[in-house]
Amino acid sequence: MDTFALIVTVAVALFFTYTNGFHDSANAIATSVSTRALTPRAALAMAAVMNLAGAFLGSGVAKTVSEGLIETPKGSTGMGILFAALVGAIVWNLVTWYFGLPSSSSHALFGGLVGAALAGGTAVLWNGVVDKVIIPMFLSPVVGLIIGYIVMTAILWLFRKANPHKAKRGFRIAQTVSAAGMALGHGLQDAQKTMGVVVMALVISGHQTYGDPIPVWVKIVCAAMLSLGTYAGGWRIMRTLGRKIIELDPPQGFAAETTGASIMFTTAYLFKAPISTTHVITSAIMGVGATKRVNAVRWGVAKNIVLGWFITMPAAALVAAAAFGIINLTIL
């Protein structure tokens with residue numbers, strides 16, 4: 001029974017990774033597609049490959065997720081808590097995908113973990129939640145907005161005398177690199193989050209102890225599922241990021257992607273903080289757009305997106321708590 005519970009929980013974790021891929025594929029490629037730097041299918045294929053590569057670039061984020069947010073629960077109850085947390089994250093991912101709202105898969109997972117832990121009587125490591133989740137949740141969009149604005153301002157100044165058509169053509173090519181950097185950062189961040197959950201499941205079941213290296217098979221299957229989900233695409237969210245916030249041109253797309261990729265790599269390596277790629281790229285697009293003029297950004301759409309950010313963790317936590325209640329009554 002314990003082995004069966006482990007297999008089911010790992011399978012659900014991989015399904016979460018798949019939903020993460022198609023939910024967040026827009027983060028890496030929406031700007032490149034909207035500026036016609038890449039065709040949608042070419043962009044998705046490139047993003048899938050880079051997601052796969054990014055998953056092998058580190059393990060700091062995985063360690064934070066597996067050890068730094070909740071106390072590792074024990075036994076069948078612990079596996080039920082983990083299962084309920086994933087259910088909460090998946091349900092919220094699907095709801096926001098259906099409505100085309102670029103909410104954070106990362107914060108859906110964190111909210112699910114906290115909600116299920118509270119419902120199951122497991123301690124939440126609030127210092128870790130605040131330091132690694134809440135503070136970055138508020139800071140990363142602000143940083144993305146400011147740096148996006150600065151990068152775009154620098155581009156406008158450096159290329160102020162360039163031929164506009166030649167400059168746009170050059171930036172369209174450069175966007176291939178910046179989009180690849182975004183996809184690599186997405187793999188580095190988001191594949192590791194699921195690795196952390198799978199490692200926790202292995203620890204609960206007694207197949208692993210903390211401090212052991214992440215098994216290679218865990219890295220491979222998490223990266224592969226994220227890549228498959230990415231290739232499945234997230235067209236609804238792609239439209240929101242690529243066109244509804246602001247109509248982007250190639251220089252703006254390059255600036256937004258470069259900003260987002262830089263922040264993701266910095267936070268993963270320096271702070272081991274599992275930040276939201278959605279928050280970073282959305283705020284970078286807003287900052288880049290504001291250099292044209294403040295009212296060029298459709299702030300009404302931006303407001304709805306930000307509202308989605310704030311309700312993601314509590315909403316996923318409530319779903320996860322309800323899921324654990326059902327599991328506790330029927331199975332445990």
Going through the distances and angles, do Tyr18 and Ile90 end up as a side-chain contact (heavy atoms from CB on, under 4.5 Å)?
-> CA-CA 10 Å; Tyr18 182 82; Ile90 290 168; over 6 Å; no

Could you please spell out the steps behind the side-chain contact (heavy atoms from CB on, under 4.5 Å) verdict for Val218 and Leu202?
-> CA-CA 10 Å; Val218 173; Leu202 292 172; 4.1 Å; yes

Apply side-chain contact (heavy atoms from CB on, under 4.5 Å) to Thr194 and Leu226, showing your working.
-> CA-CA 9 Å; Thr194 307; Leu226 184 69; over 6 Å; no

Apply side-chain contact (heavy atoms from CB on, under 4.5 Å) to Ile134 and Met313, showing your working.
-> CA-CA 10 Å; Ile134 303 298; Met313 279 191 68; 4.2 Å; yes

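Considering only heavy atoms from C-beta on, Met200 comes within 4.5 Å of Pro73 through its side chain. Side-chain contact between Val114 and Val133 is absent, with no heavy-atom pair separated by less than 4.5 Å. In this structure, the side chains of Asn20 and His186 come closer than 4.5 Å at one or more pairs of heavy atoms. Counting heavy atoms from C-beta outward, Gln192 and Val65 have side chains that stay 4.5 Å or more apart. Between Met46 and Thr176, every side-chain heavy-atom pair lies at or beyond the 4.5 Å cut-off. In this structure, Val197 and Leu109 have side chains that are in contact, with non-hydrogen atoms separated by less than 4.5 Å. Side-chain contact between Met264 and Met182 is present, with at least one heavy-atom pair separated by less than 4.5 Å.
The CD1 atom of Ile275 lies 8.5 Å from the OG atom of Ser106; values are rounded to the nearest 0.5 Å. Note that the OG1 atom of Thr153 and the CD1 atom of Ile147 stand 12.5 Å from one another [nearest 0.5 Å]. To the nearest 0.5 Å, the span separating SG on Cys222 from CG on Asn51 amounts to 12.5 Å. To the nearest 0.5 angstrom, Leu113 atom CG is 12.0 Å from Lys193 atom NZ. The line from CG of Leu82 to CD1 of Ile204 is 5.0 Å long, rounded to the nearest 0.5 Å. Note: Ile281 CD1 to Ser140 OG = 12.0 Å, rounded to the nearest 0.5 Å.
Cluster membership check: Trp126 shares its hydrophobic cluster with Ile70, using side-chain heavy-atom separations under 4.5 Å among Ile, Leu, Val, Met, Phe, Trp and Tyr. Tracing side-chain contacts under 4.5 Å through hydrophobic residues (I, L, V, M, F, W, Y), one reaches Val319 starting from Leu118; they form part of the same cluster. Criterion: ILVMFWY side-chain heavy atoms under 4.5 Å apart, direct or through other members. Under it, Phe159 and Val288 are part of a common hydrophobic cluster. Residues Val216 and Leu6 fall into different hydrophobic clusters, defined by Ile, Leu, Val, Met, Phe, Trp and Tyr side chains chained together at heavy-atom separations under 4.5 Å. If you chain together hydrophobic residues whose side chains sit under 4.5 Å apart, Leu125 and Val129 never meet in one group.
Shown here for Val61 and Pro274, the closest heavy-atom pair between the two residues is CG1-CB, 3.6 Å. Annotation for Pro251 and Ile155: closest pair O-CD1, 4.2 Å, computed over non-hydrogen atoms. The heavy-atom pair separating Val87 from Ala323 by the smallest distance is CG1-CB, 4.0 Å. Between Met195 and Ala55, the closest heavy-atom pair is CE-O, 3.3 Å. Of all the heavy atoms in Pro250 and Arg172, the pair that sits closest is CG-NH2, 3.5 Å. Nearest approach of Leu52 to Ala223, heavy atoms of both residues: CD1-CB, 3.4 Å.
Residues forming a ring pair (Phe, Tyr, Trp, His ring centres under 6.0 Å) with Phe83 (at least two apart in sequence, or on another chain): none. Applying the salt bridge (Lys or Arg N to Asp or Glu O under 4.0 Å) criterion to Lys132, with sequence neighbours excluded, gives no partner residue. Scanning for ring pair (Phe, Tyr, Trp, His ring centres under 6.0 Å) contacts around Phe254 gives Phe171, with sequence neighbours left out. With sequence neighbours excluded, no residue satisfies ring pair (Phe, Tyr, Trp, His ring centres under 6.0 Å) with Phe56.
Hydrophobic side-chain contacts under 4.5 Å tie Ile146 into a cluster, directly or through other members, with Val142, Ile150. Grouped with Phe271 in one hydrophobic cluster are Leu270, the linkage being side-chain heavy-atom contacts under 4.5 Å among Ile, Leu, Val, Met, Phe, Trp and Tyr residues. Through ILVMFWY side-chain contacts below 4.5 Å, Ile7 is grouped with nothing and stands alone.
Screening residues 312-321 for side-chain hydrogen bond (donor to acceptor under 3.5 Å, both in side chains), with sequence neighbours left out, gives Trp92-Thr312. Listed by first and then second residue, the ring-ring contact (aromatic ring centres under 6.0 Å, His included) pairs that reach into residues 131-152 are Phe138-Phe310, sequence neighbours excluded. Residue pairs meeting the side-chain hydrogen bond (donor to acceptor under 3.5 Å, both in side chains) criterion with at least one member in residues 107-122, sequence neighbours excluded: Ser104-His107. Evaluation of the side-chain hydrogen bond (donor to acceptor under 3.5 Å, both in side chains) test over residues 260-273, restricted to residues two or more places apart or in two chains, returns Gln189-Thr267. Every pair passing side-chain hydrogen bond (donor to acceptor under 3.5 Å, both in side chains) that includes a residue from residues 202-220 is listed here, sequence neighbours excluded: Thr72-Tyr210, Ser205-His207, Thr209-Asp212.
With hydrogens and angles ignored, the 3.5 Å screen pairs no side-chain donor or acceptor of Thr282 with any backbone N or O of His279. Judged by distance alone, the side chain of Thr291 and the main-chain N or O of Gly287 form no donor-acceptor pair under 3.5 Å. Without hydrogens or angle criteria, Thr39 side chain to Ala42 main chain gives a donor-acceptor distance under 3.5 Å.
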